[in-house]
Structure formats: structure tokens, C-alpha cells
S.K.: 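Below you will find the structure I want to go over with you.
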Amino acid sequence: MAETTSAVLPFLPAQWTQLSNRQKLGLLGGIALALALIVAAWLWLRAPSYGVLFSNLSEADGGQIVAALEQQNIPYKLGHGGSSILVPAERVHDLRLRLAAQGLPKGGLVGFEVMENQKLGISQFAEQINYQRALEGELSRTIQTLSAVRAARVHLAIPKQTAFLRDEIKPSASVVVGLQPGRTLDPIQIAGIVHLVSSSVPQLSPANVSIIDQDGKLLSPAPDKNRLAGLDASQIAYVRDLEKRYLERVDDLLVALVGKDNFRAQLTADVDFSHVEQVEESYQPNPAPKTAIRSQQTQESGSGNPPAMGVPGALTNQPPVPATAPLTAPPVASAGATGTAAGNYSRNATINYELDKTVRHVRGVPGSIKRLSLAIVVNHRPGPPGKDGKPGKPVPPSAEELKRIEELAKQAVGFDEKRGDTISVAAAPLTPKEAETLPELPLWKDPFVLAFAKDVGQYLLLGLLALLLWFKLVKPLLSMAQPPGEREKAEEEAVAAAEEKAPQTGEQPLVKSFEDRLKEARELAQKEPKLVAELIKEWMGANANA
């Protein structure tokens with residue numbers, strides 16, 4: 001093929017006039033088509049890939065961004081009905097930074113920049129409206145910075161201030177968030193949005209902030225519902241953490257005792273979160289040695305000298321014994337004496353003894369454990385191997401082993417029978433856990449393989465297109481454009497080559513037989529079908545002219 005081309009190309013300019021008009025048009029059309037296909041394939045391979053610059057744009061933001069791109073002579077494409085703008089992939093990040101410096105896109109929201117162009121003589125009502133619009137826009141922009149939030153709108157209801165406290169109305173706020181596909185807001189993020197909005201508006205209580213998503217689902221907790229139900233997410237999290245820490249203690253013991261996959265343990269904790277305050281005041285009689293007189297009253301009346309008192313004898317000269325009060329007697333003692341013949345004389349005494357008083361103030365701490373319930377299942381251990389070397393039948397653990405496991409578990413969780421704690425240890429054959437394996441990604445879905453195949457496929461397609469053009473278009477046109485003299489010369493060379501390849505015996509005959517020539521003609525037709533076809537066409541044309 002290379003020899004034929006090199007032999008033909010030098011004679012094309014000189015023998016252009018020898019070609020017919022049909023051959024000239026075919027040759028020119030084929031060359032032009034081949035060049036066009038090659039140039040188109042090259043441009044297709046060199047065409048830049050486009051990436052998304054911005055998506056979900058409003059009409060106002062989209063028009064401003066398109067105008068900015070046209071001023072900078074940057075190619076772009078519109079997608080998704082004009083809501084997305086695509087630019088060359090290598091310039092996506094650069095253009096985002098440049099447009100962000102110009103404040104684009106604004107997201108259809110107006111921030112405090114609305115206060116920069118205030119008109120002279122504007123009313124106080126219009127200033128208040130502009131301030132509220134700016135505050136709503138700034139809060140919406142801030143909420144949109146969260147990774148899970150795609151779009152956000154904030155509506156503030158700020159009542160007019162009044163001098164009468166009775167008629168004062170507290171402000172409220174509503175937040176609508178559009179979440180990213182497959183994303184959700186956890187309770188901490190919701191509480192953060194509520195705190196952000198309530199802290200940005202004076203006298204706005206967090207209870208007056210409502211948050212809903214794009215489906216109309218209420219995300220912020222309802223205060224009345226939580227108050228009536230008495231549920232708190234932090235309390236539930238505390239119980240889960242408490243159960244987890246107790247189970248970790250049990251696991252640490254049983255892993256060393258029976259093995260990692262030879263037991264299952266579950267624990268349930270009943271936690272009391274109620275606030276209890278108790279005041280107790282108790283009274284008890286004082287013991288005899290520790291009696292204390294609270295009050296004492298003595299009254300004497302009569303005329304004359306007081307009579308002699310006491311027991312006659314030696315005991316009268318001894319000091320009086322301390323008075324004792326019986327435990328069951330009332331705390332009042334009285335004594336009296338009447339006069340004798342010496343005169344009319346009386347004496348009354350009242351003594352009040354102090355009581356033993358105890359006042360106790362008890363305040364219960366919320367989060368105390370009311371009861372623990374622990375359940376443990378121990379796997380059967382493998383039996384001794386048989387004579388054939390195979391493992392024997394699994395053997396359940398003995399009662400002594402289960403009792404030891406139960407005692408260890410009680411010590412680990414701080415078992416208290418008075419509190420009502422329960423524990424259950426049983427033996428049963430356990431099914432081994434299946435290993436969690438991630439599904440293998442098929443080769444035809446691997447992003448790296450797809451990108452590599454795309455790059456290689458482009459160049460292979462270009463090569464196949466070039467070969468197809470050469471064998472199906474260029475080479476036949478060159479054969480058609482070949483001059484008759486050169487064509488006859490090529491035929492002679494082909495015949496000579498066929499004769500050289502023919503099998504030779506000891507003595508080559510001078511005249512070939514008809515069968516040999518027919519065989520050579522068949523071989524030539526198989527190797528050079530186009531040349532034979534042109535030769536037959538010329539013969540047919542010569543016969544027609546004759």
C-alpha cells in the first residue's frame with residue numbers, strides 16, 4: 001500500500017487532466033469528506049468538558065451571572081430549564097470565587113445592603129420594613145451555610161412597640177429549610193438554628209421559633225407536647241449511655257472468661273428522673289440521763305412559817321437526788337404541800353421537760369437507678385474430638401460455671417437485691433454472626449475504570465475511523481485516479497510476483513498450460529480484486545467501442 005501510494009502521488013498533478021469528471025469529483029469529495037471527519041473527530045476529542053457552576057438559581061440570579069460571564073467572554077451552557085449554568089470544568093472554582101467577590105448569586109434574598117441606598121424623606125414605617133427584610137435575608141443566608149441545608153427562608157413577626165405592658169405582644173419567627181437530598185438535621189443542629197434566630201431578634205423566645213422542612217414537617221419540638229409527655233432527648237441519651245457503660249463492664253469480664261463470640265448480654269436500666277423533695281419532723285422522748293427542763297414554775301401561798309418538809313431522819317440532811325421524768329408520763333410535774341397546825345401554807349410547782357425533735361430535709365437527685373435487669377446467654381463449648389479427629393458434639397456449660405458467671409456479672413453491675421435488680425444466665429447454642437462485608441463494586445461501575453475507558457475509547461475510535469476512511473474511501477479513490485500506464489505496470493508487476501510465487505520444479509516450461517494460467521488468474525483475483533475489476537471494466541469498454 002505504501003509503495004502504490006508513493007508511486008501514484010508524484011504523478012497526480014501532471015495527469016489530473018487524464019481523469020474523467022466523475023473521477024475528479026469522486027476524488028475531491030472523498031478527500032474533503034476524509035478531512036472533515038478527521039477534523040470533527042479531533043475537535044470532539046479536544047472539546048472541553050463542562051461542569052456545573054451553579055444550580056437551582058432564580059431567574060434574577062441567573063440573568064446576572066450570565067451577564068457577568070458574557071462580559072468576561074467565558075463560554076457557558078444552560079441546563080435544567082435555565083436553573084443551572086455550566087462552564088468549562090477547569091474554570092469552575094475560579095469563576096465561583098470571582099462571582100462571589102461580586103456578591104453573586106444572591107439567592108433571591110436581600111440583606112443589609114438594602115440599607116445602603118436609603119432615599120431621602122423615607123417614612124419610619126418604610127425604614128422598619130426594610131430593616132425587617134434585611135434581617136430576614138441575613139438570617140436566611142446564615143442558615144444556608146449549613147452543609148445539610150440547600151435553601152432557607154425566615155419570616156419574622158415583629159409587633160409594634162407599645163407603652164402599655166398589658167397589650168405587649170412578643171415577637172415570633174418561622175423558618176423554612178430545604179434540605180439536600182438524603183440529608184437530615186439532627187436535634188443539635190435544630191436547636192442551633194432556634195438559638196441563632198432567637199438571639200438575633202430582641203425579646204424573641206426560643207419557644208416562639210418554629211422550623212419546618214420542604215415537606216411541611218415540623219422539625220422544632222413543640223413545647224406543650226414535650227411538657228405534657230415529660231419526654232426529653234437528653235434523658236433518653238443518658239439511659240442509653242448508662243446501659244452501654246454497664247454492658248461494657250460485663251463484656252470485659254465475659255470475653256476473658258468464655259471468649260468473644262461465645263456469649264450475648266443485654267441490660268435494661270429503669271432510671272427515675274423525677275424531682276423529689278421531702279421534709280420530715282419527728283419527736284421522741286429524751287432518755288433519763290439527758291433530760292432537759294424547758295420551763296419551770298413554782299407558786300407558794302399561805303400564812304405562817306413553812307412546815308418542815310422531807311423525810312425525817314438522816315436522809316433529810318443529804319443533797320436532793322436529780323429529778324427523773326418517766327418516759328410515758330406527761331412532761332408536767334406538780335408537787336404541793338398543805339400547812340400544819342403551825343399555819344395554813346401551800347406550795348405548787350410546774351416543770352416542763354424538753355422533747356427530742358428531729359427535722360430532716362431530703363431532696364432526691366434526678367437520674368437515680370430504680371432497677372437493673374441483666375440477661376446473659378452463654379454458648380455451648382466444643383466437645384472433645386472423636387477418634388476420627390472431627391470435633392465432638394457441643395457441650396453446655398455446667399451449673400457451677402453459670403453460677404460463677406452470674407456472680408461476676410452481679411459484681412460488675414453493682415447488683416442490689418433490695419432495689420429489685422434481676423439477673424438471668426442461661427446456656428444455649430449461639431449462631432455465629434455473619435461478617436458484614438461491603439458489596440464489591442462491579443468493574444463496569446468503578447469510576448476510575450470508567451474514566452480510563454472513556455479516554456482510551458476516544459483514541460481507539462479515532463484510530464478506527466482513520467483506518468475505515470483509508471481502506472473504504474481513500475485507497476479506492478487513489479486506485480481510480482491512477483493513470484492507465486501505471487495501472488498496466490502494476491498489473492505486470494502483480495503477474496510477475498504471482499509467477500515468482502508459483503511452485504517450480506526441476507525444469508520450468510516455456511509455455512504455460514491453460515490450467516496454470518487460469519489458476520494464476522484466480523489467485524490474482526483473490527489478492528487484487530479491485531485491479532481485476534478495473535481490467536474487466538476496460539475490456540468491456542473496449543468491446544463496446546469496437
Side-chain angles (χ1 to χ4, degrees), residues 43 46-158 173-183 185 189 192-193 196-197 199-201 211-216:
L43 293 178
R46 299 294 298 175
S49 59
Y50 280 78
V52 178
L53 180 63
F54 294 109
S55 59
N56 298 323
L57 292 173
S58 61
E59 295 180 357
D61 289 341
Q64 294 179 2
I65 293 174
V66 167
L69 294 177
E70 290 179 350
Q71 291 178 358
Q72 301 178 18
N73 295 326
I74 298 174
Y76 65 89
K77 294 181 180 180
L78 299 179
H80 300 89
S83 61
S84 300
I85 299 178
L86 291 81
V87 295
E90 64 273 5
R91 303 198 60 183
V92 169
H93 303 288
D94 181 28
L95 291 175
R96 284 181 182 175
L97 295 177
R98 291 186 180 182
L99 294 175
Q102 301 178 13
L104 296 175
K106 298 181 179 179
L109 302 173
V110 179
F112 279 112
E113 64 270 9
V114 74
M115 308 295 292
E116 297 176 356
N117 300 322
Q118 291 288 344
K119 297 181 180 179
L120 184 62
I122 190 173
S123 63
Q124 184 179 1
F125 176 76
E127 288 182 352
Q128 181 64 25
I129 292 298
N130 289 337
Y131 171 75
Q132 184 171 340
R133 289 180 58 199
L135 186 58
E136 291 176 351
E138 292 295 335
L139 288 174
S140 300
R141 292 176 180 176
T142 305
I143 296 174
Q144 287 179 2
T145 57
L146 299 179
S147 59
V149 178
R150 175 177 51 84
R153 289 294 300 272
V154 178
H155 302 279
L156 300 177
I158 303 177
S174 301
V175 182
V176 181
V177 293
L179 302 179
Q180 299 285 356
R183 301 292 298 275
L185 292 176
Q189 292 175 322
I193 295 175
L196 170 67
V197 177
S199 301
S200 302
V201 180
I211 303 176
I212 62 175
D213 60 5
Q214 69 272 16
D215 298 327

S.K.: Give a yes or no answer on whether the side chain of Ser140 reaches the backbone of Val154 with a donor-acceptor pair at less than 3.5 Å.
M.R.: yes
S.K.: Write down the atom of Leu139, the atom of Ser200, and the distance for their closest heavy-atom approach.
M.R.: CD2-OG, 3.4 Å
S.K.: Evaluate Arg91 against Ile74 for side-chain contact (heavy atoms from CB on, under 4.5 Å), listing each step before the verdict.
M.R.: CA-CA 9 Å; Arg91 303 198 60 183; Ile74 298 174; 3.8 Å; yes
S.K.: Backbone N or O of Thr142 within a donor-acceptor pair of the Thr145 side chain at under 3.5 Å?
M.R.: yes
S.K.: Could you tell me whether the side chain of Glu70 reaches within less than 4.5 Å of the side chain of Val66, counting heavy atoms only?
M.R.: yes
S.K.: Heavy-atom distance under 4.5 Å between the side chains of Gln214 and Val177, does that happen here?
M.R.: no
S.K.: Which heavy atom in Ser147 sits nearest to a heavy atom in Arg183, and how many Å separate them?
M.R.: OG-NH2, 3.3 Å
S.K.: Shortest non-hydrogen contact from Val149 to Ala151?
M.R.: CG1-O, 3.3 Å
S.K.: Quick check on His155: does its NE2 atom have over 12 non-hydrogen neighbours (other residues, nucleotides or ligands) under 6.0 Å away?
M.R.: yes
S.K.: Give the intermediate values and the outcome of side-chain contact (heavy atoms from CB on, under 4.5 Å) for residues Gln128 and Arg133.
M.R.: CA-CA 9 Å; Gln128 181 64 25; Arg133 289 180 58 199; over 6 Å; no
S.K.: Would you check if there is a donor-acceptor pair between the side chains of Ser174 and Arg153 at a distance under 3.5 Å?
M.R.: no
S.K.: Output the distance between atom OH (Tyr131) and atom CD (Glu136), rounded to the nearest 0.5 Å.
M.R.: 11.0 Å
S.K.: Please examine the side chains of Leu95 and Gln72, heavy atoms only from C-beta on, and report whether any two atoms are closer than 4.5 Å.
M.R.: yes
S.K.: Return the minimal non-hydrogen interatomic distance between Pro88 and Pro75, and the atom names on each side.
M.R.: CD-O, 3.4 Å
S.K.: Should Ile193 and Leu185 count as side-chain neighbours, where that means a heavy-atom distance under 4.5 Å?
M.R.: yes
S.K.: Donor-acceptor pair, distance only, cut-off 3.5 Å: does the side chain of Gln132 make one with the backbone of Ile158?
M.R.: no
S.K.: So Tyr76 and Leu86, do their side chains get closer than 4.5 Å, heavy atoms only?
M.R.: no
S.K.: Please determine whether side-chain contact (heavy atoms from CB on, under 4.5 Å) holds for the pair Ile85 and Leu69, giving the CA-CA distance in whole Å, both sets of side-chain angles, and the decisive distance to 0.1 Å.
M.R.: CA-CA 10 Å; Ile85 299 178; Leu69 294 177; 3.9 Å; yes
S.K.: Answer yes when Arg141 and Glu138 have at least one side-chain N-carboxylate O distance shorter than 4.0 Å, and no when they do not.
M.R.: yes
S.K.: Rounded to the nearest 0.5 Å, what's the gap from CG on Leu146 to CD on Gln180? Could you check?
M.R.: 11.0 Å
S.K.: Check each of Asp213, Ile211, Leu156 against Val175 using the side-chain contact (heavy atoms from CB on, under 4.5 Å) test, and report the only one that passes.
M.R.: Ile211
